[in-house]
Amino acid sequence: MTNKINAGGPAFPTEPNTQPGFYLHHGMSLRDYFAGHIACGMAAFSGTSGISFGPRDIAGRAYEVADAMLAARKASS
């Protein structure tokens, strides 16, 4: 059994279809959008104060934080 990842839906949906919740162009997922911003912050911070993150560390941790953000977002709604 595989676990489906909550991607948070489209970050920038366009061209709404005739049915609510369906889009012709999904664009990037909200999960990827969050992870990209988190990765930027981690990369900018890397190497300062003796803390160094490698590319795999940044990618893995960025998605961990993005998943936590989506869970918190879901819990608050």
Side-chain angles (χ1 to χ4, degrees):
M1 173 184 240
T2 60
N3 292 333
K4 184 176 179 185
I5 294 174
N6 173 13
F12 305 105
T14 60
E15 299 180 33
N17 198 339
T18 57
Q19 297 178 357
F22 292 92
Y23 300 93
L24 298 177
H25 301 285
H26 289 283
M28 117 185 327
S29 73
L30 190 55
R31 181 177 187 250
D32 288 337
Y33 181 76
F34 284 164
H37 282 278
I38 295 159
C40 287
M42 289 182 70
F45 187 75
S46 184
T48 63
S49 302
I51 297 172
S52 181
F53 300 112
R56 291 182 196 271
D57 294 324
I58 291 173
R61 291 179 183 185
Y63 276 102
E64 285 178 22
V65 175
D67 289 342
M69 290 173 69
L70 288 169
R73 182 175 184 254
K74 184 177 181 179
S76 68
S77 60

Specify the closest pair of heavy atoms between G8 and R73, including all atoms of both residues, with the distance to one decimal.
O-NH1, 4.1 Å
Any chain of hydrophobic side-chain contacts (each under 4.5 Å) joining I5 to M28?
no
Would you say M69 ends up clustered with Y63 if hydrophobic residues are merged whenever their side chains have heavy atoms under 4.5 Å apart, either directly or through other cluster members?
no
Quick one: CG on N6 to NZ on K74, what's the gap to the nearest 0.5 Å?
6.0 Å
Output a table of donor-acceptor pairs, distance under 3.5 Å, between side-chain atoms of residues 34-45 and any protein atom two or more places apart or on a different chain; print 'none' if there are none.
from	atom 1	to	atom 2	distance (Å)
H37	NE2	Y33	OH	3.4

